[in-house]
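Below is one structure, written out as structure tokens, with a few remarks after it.
What you see below is based on every heavy atom in this structure, not just the backbone, and it leaves out hydrogens, waters and symmetry mates. A note on names: the letters A, B, ... follow the listed sequences, proteins ahead of strands, and every chain is numbered from 1.
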Amino acid sequence: SDALSNNEHLSSPRAVNVDLQTDATLQVDISDALSERDKVKFTVHTKSTLPNFKQNEFSVVRQHEEFIWLHDSFVENEEYAGYIIPPSPPRPDFDASREKLQKLGEGEGSMTKEEFTKMKQELEAEYLAIFKKTVAMHEVFLCRVAAHPVLRKDLNFHVFLEYNQDLSVRGKNKKEKLEDFFKNVVKSADGVLVAGVKDVDDFFEHEKTFLLEYHNRVKDSSAKSDRMIRSHKSAADDINRIASTHSPLPLLFSNSQKIEARVAADEDLKLADLLKYYLRESQAAKDLLYRRGRALVDYENANKALDKARAKNKDVLQAETTQQVCCQKFEKISESAKQELIDFKTRRVAAFRKNLVELAELELKHAKGNLQLLQSCLGVLKGDT
Amino acid sequence: MSLCHFYPSLVIKFFRVCVCVCVELKMAASSERSPPPFPDSEEPELLEDSDEGADAFTGTSISEMDSPSPDSTRPPKDIFNEPPEDIFSDPLSNINSEPQKKVDAKIPSPSSDEAVDLFSDPLDDDSEVMSSPEVQNPMPDLLNEPVEAPKSDVLGEPPVHRDAARQQDVFEDPPKSSSKSSSVKKAASSEMFGDDDDDEDLFKEPPKVVTKKPQPSGPPVDVFTEVKSDVKVKPQVKDDPTDLFAEEALTAPAPKPSAGSSSSRTNGVHSEEQDLFSEATVELSLDSPRNDRKNKDAVKPSVSAPAAPVASSSSKAPSKTLKELEEEESEDKFDLNISITNPEKVGDGMNAYMAYKVSTQTSLTMFRSKTFTVRRRFSDFLGLFEKLSEKHSQNGYLIPPPPEKSILGMTKVKVGKEDPSSAEFVERRRAALERYLQRVVSHPSLLQDPDVREFLEKEELPRAVSTQALSGAGFLKMLNKATDAVSKMTIKMNEQDVWFDEKIQDVENEEQHLRKLHVMVESLVNHRKELSGNTAVFAKSVAMLGSSEDNTALSRALSQLAEVEDRIEQLHQEQASNDFFTFSELLADYIRLLGAVRGCFDQRMKAWQRWQDAENMLQKKREAEAKLLWANKPDKLQQAKDEITEWEAKVTQYEREFERISATVRKEVIRFDKEKARDFNRQVIKYLESLLHSQQQLIKYWDAFLPEAKAIV
């Protein structure tokens, strides 16, 4: 029997990672989510006073693939080249959790009913935690878009929010995937080029140096925090198991030790997820710098082409037009990119502040709760002697 | 893979990520390997086991290959002479000095009284070979074999250990333990394998040959005619390896890797034999207590569930009710304070050993002064245990078992690696020895033992040959083996005493329960260590992230966070060592102690068995008398009557002995329960206090961090 119930309902998930200024004219959240065997259905709830929506409040059901479609449509839109495209939410991954549950089902015979129930509960809790995180990540993406002065007006976004049918987004076919692959080969080669070239603009030069280093470090921290939390969870699991095995430790102890598992879970939520989000967000910022770098190279090439054309006195007009287009594009990107990068920093600082404060407060709360329980345990024990 | 088409712009990154994932997987794999919860937890045991496994194999193959050759040099008959000899060179033989009858009584004979006689006699063979033949007569051949087999199994071990110990450094040397394992097999199988062990012996160096044959299989004909020739062999053996004793006995006693095979064979034998031997075969089939226990764990985990409340209640309840008694005993303890300090490596290389300073502080008048200090090494502690066991265990006393040997740990120390694990090993052993000694002296009867006094007081302890050989673990395993056999026999014993009936079950359940718990705690220790390491790594990473952050306040907060994580790493590390020393070691101690408790039950069972055997014999004698009367053979009648009187006396004696040992065991177990409750209470308080301290520190650290986080602008 499948130990896992196929449908998991979830109400009021909260975005935990980023602090966003909410604007009454457009508010988006995920009010509910439903986990089915191979997909998660998110209920996207919108409240808006904007005139281009038919109603003030409405909900649609969306799947992960549709979120990706929306993200990709932003990336592919030249108009948005000067913006940090909010990073797409990670694909829901319940495979590991499901596999564990399945294994548990297979091993059902080898353990006591009590142990089995306990293990099942643990795994279901784990599953639920992943589920909540998935929902939160998807919600953050939508909130970021809704809070963005330009992206919030995007037509695709509005369709995504309002159209109450399946968007019939299809996966990319092989040819498209191959194209994407080559695009990215070029992009990464350009990335190296862009990184190697000293920017004429001090602001961008600084941002480039910062982001390249920051991205690597946040990636490292994210991986290490994951590992730390993983071992914290293992230790907490052990403690729970010990406490529930009628150990010589007093009964109260098991309550106290449930706290340990919560500490690990909160660290995961407040610390690891924050780092993970900024890993993706800093990548998105790097992508913006890349697009600007690309535009700069194009602009310089157009300048050279214009010089050549003038020297040869051939196709001058066409070269001039190209040069102007490139110039405009570069300047437009530079202008919005500057603001975007400043915003990125503001957002980052605010998010870190929020999460670190919450982390410290939760750690304190748990430690204090634990302390109290341990004290009463000791009281009971010492009363014994 | 399917992910990449959703991230067209990220394909390249995908590849990079792939590499990262690979690296991470590798790291994850290695980190998973580094704290192996299970193997680590049973590290010493496993190690021994695997050694034995290998040994067993080599042993078998050697014996198989060489079987034809040695026959000529040594008649297979010899084998049969030796078992008795060897059997009695073990602890029991040390009691040789006592009159024969006493020895008789002590020998645990699972079957008929003839067997008892047989065994008592060979005992004497060492000194006086004469007495044996007479006694041997009444013994039917058939009986001889199965009876002997289990004996060699149970009692034959010590000689092997001794043998092994002589070679201590060379503990990898397969032949030694192989002889043992093959002996088990042989005991189980029949004459067919009788010469295996001979071959083996020849194959090896002469010194080893001697002690190596506890194998009693083969036709019991002429057993005692050969004894003399055997006796001749013995001296040379004893002389040879003397110089080897200088080193610490390191070799792990090799118990039963071949158990599985032997038991299956035994079963075959069993079916052919009459029920007379059933006890014997039961013993044989049980010679792998560990496996057995594990199987039980696996097969019926439900047992542990009902056991658990028992365990917890037994550990808690008495602590309330027996308060006064506790106080009374703690007074005793107050009078005698023992501490073990200054572990010190003596010597170099594989001859090196650790010496410990044993300091005693006491006002007891039985000691010459109020404070004194001696230096002792690990084998001295084992020696003390063995001496005490020899003297007291057959009376039903609970002898606290010393910590087990650890080849791996000690080898590391010997090699002189100054790594933390080796320091941890030394500290672990020091603490374990201290607890062991404290348990010994807190036993009112053992404290009176001259050997204990000598151990604490005497400047130079004679390095008695026999004391070195046996590791506590080995002895325990031996005990356990017998105990398991007994637990099977209990069914037959038809326990009349409800208290014992329940207690035996309780102890078994509790031991299982503690074992399970111990595995979990070991896993916790490993995970906590892992967590500590990962926290340190994360702290460094966050410090780096902080240094590249261009918002000043956030950068500062991140480096503060790194500091907090650094301190938390320390806390985790301390907690891991608390998990281990206060909790895990406590469990390990009590797993060993429960084994010893089962040993006590076993001693009682043996006494019962002896009594029952005597009853049976008496019955037979009476029947014989009746037959004689019926057949009208008055000439033999008087002899029969005499025998009846003799056996009636024996029955009375054995019954009294059984009652005495029952009373002692009962007292001992009650005392043990009380001590256990007190110990657990004390240790749990200590453990919770350590956790409490951790939480207090955590609060301190996060309290200091919170304003930093709030200061981010």
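Of all the heavy atoms in Ala709(B) and Arg353(A), the pair that sits closest is O-CG, 3.5 Å. Residues Asn534(B) and Arg227(A) share a closest heavy-atom pair of ND2-O, 3.3 Å. Heavy-atom minimum distance, Met228(A) versus Leu531(B): O-CD1, 3.3 Å. Across all non-hydrogen atoms, the minimal contact from Ala367(A) to Gln695(B) is CA-OE1, 3.3 Å. Considering every non-hydrogen atom in both Lys224(A) and Val537(B), the closest pair reads CD-CG1, 2.8 Å. Across Ile242(A) and Leu524(B), no two heavy atoms sit closer than the pair CD1-CD2, 3.8 Å.
In this structure, the portion of Phe210(A) lying under 4.5 Å from any heavy atom of chain B is its side chain and not its backbone. Within the 4.5 angstrom heavy-atom criterion, no atom of Ile229(A) approaches chain B. With a 4.5 angstrom heavy-atom cutoff, Gln683(B) does not touch chain A via any of its atoms. Interface remark: Lys345(A) contributes side-chain atoms only to the contact with chain B (heavy atom separation under 4.5 Å).
Between the side chains of Arg528(B) and Ser231(A), no donor N or O sits under 3.5 Å from an acceptor N or O.
When Leu554(B), Val564(B), Asp550(B) are compared by the number of non-hydrogen pairs under 4.5 Å with chain A, Asp550(B) comes out ahead. Each of Val713(B), Leu545(B), Leu706(B) has some count of heavy-atom pairs under 4.5 Å with chain A, and the biggest count is that of Leu545(B). Options His206(A), Gln375(A), Arg348(A), Lys368(A) differ in how many heavy-atom pairs under 4.5 Å they form with chain B, and the most are formed by Arg348(A). Heavy-atom pairs under 4.5 Å with chain A were tallied for Glu565(B), Glu549(B), His693(B), Gln696(B); the largest tally goes to Glu549(B). In terms of heavy-atom pairs under 4.5 angstrom with chain A, the leader among Val521(B), Asp703(B), Asp579(B) is Asp703(B).
Aromatic ring centres of His527(B) and His232(A): separated by at least 6.0 Å.
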Item to complete: Evaluate side-chain contact (heavy atoms from CB on, under 4.5 Å) for Leu698(B) paired with Leu371(A), printing each intermediate quantity in order.
Response: CA-CA 10 Å; Leu698(B) 273 179; Leu371(A) 187 76; over 6 Å; no
Discussion item. Assess the residue pair Trp702(B) and Leu359(A) against the criterion (side-chain contact (heavy atoms from CB on, under 4.5 Å)); give the C-alpha distance rounded to whole Å, side-chain angles, the decisive distance to 0.1 Å, and a yes or no.
Written reply: CA-CA 9 Å; Trp702(B) 287 112; Leu359(A) 174 72; 3.9 Å; yes
Worksheet item: Step by step, would you call Leu558(B) with Leu356(A) a side-chain contact (heavy atoms from CB on, under 4.5 Å)?
Response: CA-CA 9 Å; Leu558(B) 285 174; Leu356(A) 289 180; 4.3 Å; yes
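For the atom pair OH of Tyr687(B) and CG of Leu374(A), the computed distance is 9.5 Å after rounding to the nearest 0.5 Å. The distance from atom NZ of Lys354(A) to atom CD1 of Ile712(B), rounded to the nearest 0.5 Å, is 13.0 Å. Between atom CG of residue Leu688(B) and atom CG of residue Leu378(A) there is a gap of 5.0 Å, rounded to the nearest 0.5 Å. From Leu212(A), atom CG reaches atom OG of Ser548(B) across 11.0 Å, with rounding to the nearest 0.5 Å. For the atom pair CG (Leu271(A)) and CG (Leu561(B)), the distance works out to 6.0 Å, reported to the nearest 0.5 Å.
Under the 4.5 Å side-chain criterion, counting only non-hydrogen atoms from C-beta, Asp238(A) is not in contact with Asn526(B). Side-chain contact between Leu275(A) and Phe538(B) is present, with at least one heavy-atom pair separated by less than 4.5 Å. Residues Phe352(A) and Asn551(B) fail the side-chain proximity criterion, which asks for heavy atoms closer than 4.5 Å.
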